[in-house]
Enquirer: 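Right, I'll just put the structure down here and ask away after.
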Amino acid sequence: MLENHIFECVDHIYDDIILNGSDELKDIIRQFEDVAGDESPYFLKKGIMLAMTLCLNQLQFQDELFEGVLQEYLEHMMEAIPEMKKTVICRIVVRELEKYIHRQVRIPYHMPLDELAYYILTIFQAEGTHLFTFITDQGKFGCDQCDEEMLDDYASDVFLDELDLKKGDTFSLWYDFGDDYIFDIQIQDIEQHPNVQTLHDIEIMAGEGFGIWEDEHSLLDMYYHDRQAFVEHIQDLGLNLDDFIFEAFDVDTANGALFDDYEFLKHAYMYDEYEM
């Protein structure tokens, strides 16, 4: 019920702005429509909600404040939208297991690095129970639970396109600062699209290997590099092969479960369900 009222309110404000907004705001909207095309109503209404929220938080309801916030948002989006129409094709591998566990993915070029981390961890079957940080030429960008002193910024405050990546560039995601899983990411191509690309456009294109074993990096290495030693070692631990996951990677299954699994893992970081 509340959601419907809010959307109706936004629609009314949208119509009023188009008809009765200030000349300066109308000029910005025309410029914005040239950049955003058919998607301009969606972004304009999103900006209206942002401006409404700020005015409500400050208990300030002057038209000048509302239009100023909306205009600032539209000017920012005019700069961002060209990058939002791009995707990046990446090859992602587990370091030292490159031949056995890897993925090729298509992702939006304009996405926060924390969202990228959640997707990478998801497609490699991580549980999201440990800290992570990106290591790039521009610095280190980690999860919100990381100590600020070890970072140049938080991953949630940095977008992928801000790294100024080009074809052939590489950077890494370091997950679990004890077990040390390193995912090496290589940019294979940057694509241009007519429309804005979102998280729902992420696609796993190819891959091999089921994924990582949480907290068992050394055993995973042993399994791929010395199978006999692996079998003997787990027998000494009182375990058998049935205690481990050896499923083959299937691209259709992975894509079908991708968004739900991503939402589950993101929830772990957003709400600190697990001890990091």
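It should be emphasised that the depicted structure is a prediction, and the values quoted were computed from it without experimental measurement.
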Enquirer: Are Leu163 and Val105 joined in one hydrophobic group, where the rule is that I, L, V, M, F, W and Y side chains link up if heavy atoms are under 4.5 Å apart?
Expert: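 Cluster IDs for Leu163 and Val105 match.
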Enquirer: Checking side chain to side chain donor-acceptor pair (under 3.5 Å) between Gln104 and each of Arg91, Glu203, Gln188, which is the one that passes?
Expert: Gln188
Enquirer: Hey, does Leu220 have a side-chain heavy atom less than 4.5 Å from the side chain of Val94?
Expert: no
Enquirer: Does Leu241 belong to the same Ile/Leu/Val/Met/Phe/Trp/Tyr cluster as Leu237, with side-chain heavy atoms less than 4.5 Å apart forming each link?
Expert: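 Per the 4.5 Å side-chain linkage, Leu241 and Leu237 are co-clustered.
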Enquirer: Just how far is it from atom CG of Leu50 to atom CZ of Phe43, taken to the nearest 0.5 Å?
Expert: 13.5 Å
Enquirer: So that I know where these two stand, are Phe132 and Phe183 an aromatic pair - ring centroids less than 6.0 Å apart?
Expert: no
Enquirer: Would the distance check show the side chain of Glu67 and the main-chain N or O of Leu25 forming a donor-acceptor pair, the cut-off being under 3.5 Å?
Expert: no
Enquirer: With heavy-atom distances below 4.5 Å as the criterion, would you say the side chains of Phe134 and Ile185 are in contact?
Expert: yes
Enquirer: Determine whether a donor-acceptor pair (N or O, by modelled atom type, separation under 3.5 Å) exists between the side chain of Lys26 and the backbone of Ile17.
Expert: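 Not at all, since once roles are kept as given, no pair shorter than 3.5 Å links the two residues.
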Enquirer: Closest heavy-atom contact between Ala126 and Ile212?
Expert: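 Shortest heavy-atom contact: CB-CD1, 3.8 Å.
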Enquirer: Is there a side-chain contact (heavy atoms from CB on, under 4.5 Å) between Asp243 and Ile234 once you walk through the steps?
Expert: CA-CA 9 Å; Asp243 295 310; Ile234 64 171; over 6 Å; no
Enquirer: Centroid separation under 6.0 Å, is that true for the rings of His200 and Phe259?
Expert: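 Phe259 vs His200: aromatic centres under 6.0 Å.
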Enquirer: Within the 3.5 Å criterion, strictly below it, is a donor on Asp27 or Gln31 matched to an acceptor on the partner's side chain?
Expert: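 Yes - a donor-acceptor pair under 3.5 Å links their side chains.
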Enquirer: Which value, rounded to the nearest 0.5 Å, describes the distance between Leu265 atom CG and Thr129 atom OG1?
Expert: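 It is 9.0 Å, given to the nearest 0.5 Å.
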Enquirer: Do the non-hydrogen side-chain atoms of Val93 and Gln186 ever get within less than 4.5 Å of each other?
Expert: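 No, too far: nothing below the 4.5 Å cut-off.
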Enquirer: Is there a donor-acceptor pair closer than 3.5 Å between any side-chain N or O of Gln235 and the backbone N or O of His233?
Expert: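 Looks like no, no N/O pair under 3.5 Å.
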Enquirer: Looking only at atom types and distance, does a side-chain atom of Glu127 sit under 3.5 Å from a main-chain N or O of Glu214, one as donor and one as acceptor?
Expert: no
Enquirer: Can you confirm whether more than 12 heavy atoms, excluding those of Glu75, are under 6.0 Å from its CD atom?
Expert: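 Yes, enclosed.
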Enquirer: Has Glu148 got more than 12 heavy atoms of other residues, nucleotides or ligands less than 6.0 Å from its CD?
Expert: no
Enquirer: Does Asp201 reach the main-chain N or O of Thr198 with its side chain, forming a donor-acceptor pair under 3.5 Å?
Expert: yes
Enquirer: Under the side-chain contact (heavy atoms from CB on, under 4.5 Å) rule, what do Met150 and Phe177 come out as? Steps first, then yes or no, please.
Expert: CA-CA 12 Å; Met150 66 179 292; Phe177 302 159; 3.5 Å; yes
Enquirer: Answer yes or no: is there a donor N or O on one side and an acceptor on the other, between the side chain of Asp147 and the main chain of Glu149, under 3.5 Å?
Expert: no
Enquirer: Under the criterion side-chain hydrogen bond (donor to acceptor under 3.5 Å, both in side chains), I'd like the reasoning laid out for Thr87 against Gln197: C-alpha separation, chi angles, the key distance, then a yes or no.
Expert: CA-CA 7 Å; Thr87 54; Gln197 302 296 293; 5.3 Å; no
Enquirer: Please assess Cys146 against Lys140 for the test side-chain contact (heavy atoms from CB on, under 4.5 Å), listing each intermediate value before the final yes or no.
Expert: CA-CA 11 Å; Cys146 289; Lys140 295 182 179 180; over 6 Å; no
Enquirer: May I ask you to test the Ile81-Met84 pair for a side-chain heavy-atom distance under 4.5 Å?
Expert: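 SC-SC contact between Ile81 and Met84 confirmed.
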Enquirer: Can a donor-acceptor pair be found between the side chains of Gln60 and Gln62 at a distance below 3.5 Å?
Expert: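 Yes - a donor-acceptor pair under 3.5 Å links their side chains.
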Enquirer: So Tyr73 and Leu54, do their side chains get closer than 4.5 Å, heavy atoms only?
Expert: no
Enquirer: Rounded to the nearest 0.5 Å, how far does NZ of Lys99 lie from NE2 of His225?
Expert: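 It is 7.0 Å, given to the nearest 0.5 Å.
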Enquirer: Check whether more than 12 heavy atoms from other residues, nucleotides or ligands sit under 6.0 Å from atom CD of Glu33, and answer yes or no.
Expert: yes
Enquirer: One pair to check against side-chain contact (heavy atoms from CB on, under 4.5 Å): Tyr42 and Val196. What are the steps and the verdict?
Expert: CA-CA 11 Å; Tyr42 165 79; Val196 168; over 6 Å; no
Enquirer: For Ile89, is there any backbone N or O sitting under 3.5 Å from a side-chain donor or acceptor partner on Asp189?
Expert: no
Enquirer: Testing the basics here: between Val35 and Pro82, what is the closest heavy-atom pair and its distance to 0.1 Å?
Expert: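 Looks like CG1-CD, 4.3 Å.
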Enquirer: Would you call Lys266 and Glu115 a salt bridge, using N to O less than 4.0 angstrom?
Expert: yes
Enquirer: Say you draw a straight line from CD of Gln71 to OG of Ser22; how long is it, rounded to the nearest 0.5 Å?
Expert: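 If we round to the nearest 0.5 Å, Gln71:CD and Ser22:OG are 7.0 Å apart.
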Enquirer: May I ask you to check whether over 12 heavy atoms, not counting those of Glu24, lie within 6.0 Å of atom CD?
Expert: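 No.
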Enquirer: Scan side-chain atoms only and decide if Ser156 and Asp144 contain a donor-acceptor pair under the 3.5 Å cut-off.
Expert: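 Indeed, the side chains of Ser156 and Asp144 share at least one donor-acceptor pair under 3.5 Å.
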Enquirer: Apply salt bridge (charged side-chain N to carboxylate O under 4.0 Å, His left out) to the pair Lys86 and Glu83, showing each step before the final yes or no.
Expert: CA-CA 5 Å; Lys86 296 177 182 179; Glu83 301 303 301; 3.3 Å; yes
Enquirer: To the nearest 0.5 angstrom, please state how far the CD1 atom of Ile187 sits from the CG atom of Leu165.
Expert: 4.5 Å
Enquirer: Which atom names give the shortest non-hydrogen contact between Ser172 and Ile182, and what distance separates them?
Expert: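 What the structure gives for the nearest pair is CB-CG2, 4.0 Å.
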Enquirer: Please check if the number of heavy atoms outside Asp236 that lie under 6.0 Å from its CG is greater than 12.
Expert: yes
Enquirer: Are Phe246 and Tyr223 close enough that their ring centres sit under 6.0 Å apart?
Expert: yes
Enquirer: How long is the straight-line distance from CG of Asp215 back to OH of Tyr181, given to the nearest 0.5 Å?
Expert: 8.0 Å
Enquirer: For the CG atom on Asp38, are there more than 12 heavy atoms of other groups (residues, nucleotides or ligands in this structure) within a distance under 6.0 Å?
Expert: no
Enquirer: With heavy-atom distances below 4.5 Å as the criterion, would you say the side chains of Phe171 and Asp137 are in contact?
Expert: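 Not in contact.
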Enquirer: Side-chain heavy atoms under 4.5 angstrom apart, residues restricted to Ile, Leu, Val, Met, Phe, Trp, Tyr: same cluster for Leu199 and Met205?
Expert: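 Hydrophobic grouping puts Leu199 apart from Met205.
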Enquirer: Would you name the heavy atoms of Phe230 and Leu219 that are closest together and state the gap between them?
Expert: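 Shortest heavy-atom contact: CD1-O, 3.6 Å.
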Enquirer: Quick check: do Val69 and Cys55 have side-chain heavy atoms less than 4.5 Å from each other?
Expert: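 A side-chain contact under 4.5 Å is absent here.
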Enquirer: Report yes or no: do Leu65 and Met49 belong to one cluster of Ile/Leu/Val/Met/Phe/Trp/Tyr joined by side chain heavy-atom distances under 4.5 Å?
Expert: no
Enquirer: Tell me whether Trp213 is reachable from Ile120 by hopping between hydrophobic residues (I, L, V, M, F, W, Y) whose side-chain heavy atoms are closer than 4.5 Å.
Expert: yes
Enquirer: Sub-3.5 Å donor-acceptor pair from the side chain of Tyr119 to the main-chain atoms of Leu258, do we have one?
Expert: no
Enquirer: Measuring only between side-chain heavy atoms, which start at C-beta, is Phe66 closer than 4.5 Å to Ile48?
Expert: yes
Enquirer: Give me the atom names and distance for the closest heavy-atom approach of Gly37 to Pro41.
Expert: O-CD, 4.4 Å
Enquirer: Please report the shortest heavy-atom distance between Met111 and Ile107, naming the atom on each side.
Expert: SD-CB, 4.1 Å
Enquirer: Do any N or O atoms from the side chain of Gln145 and from the backbone of Tyr269 form a donor-acceptor pair under 3.5 angstrom?
Expert: yes
Enquirer: For the side chain of Asp114 and the backbone of Cys143, is there at least one donor-acceptor N/O pair under 3.5 Å apart?
Expert: no
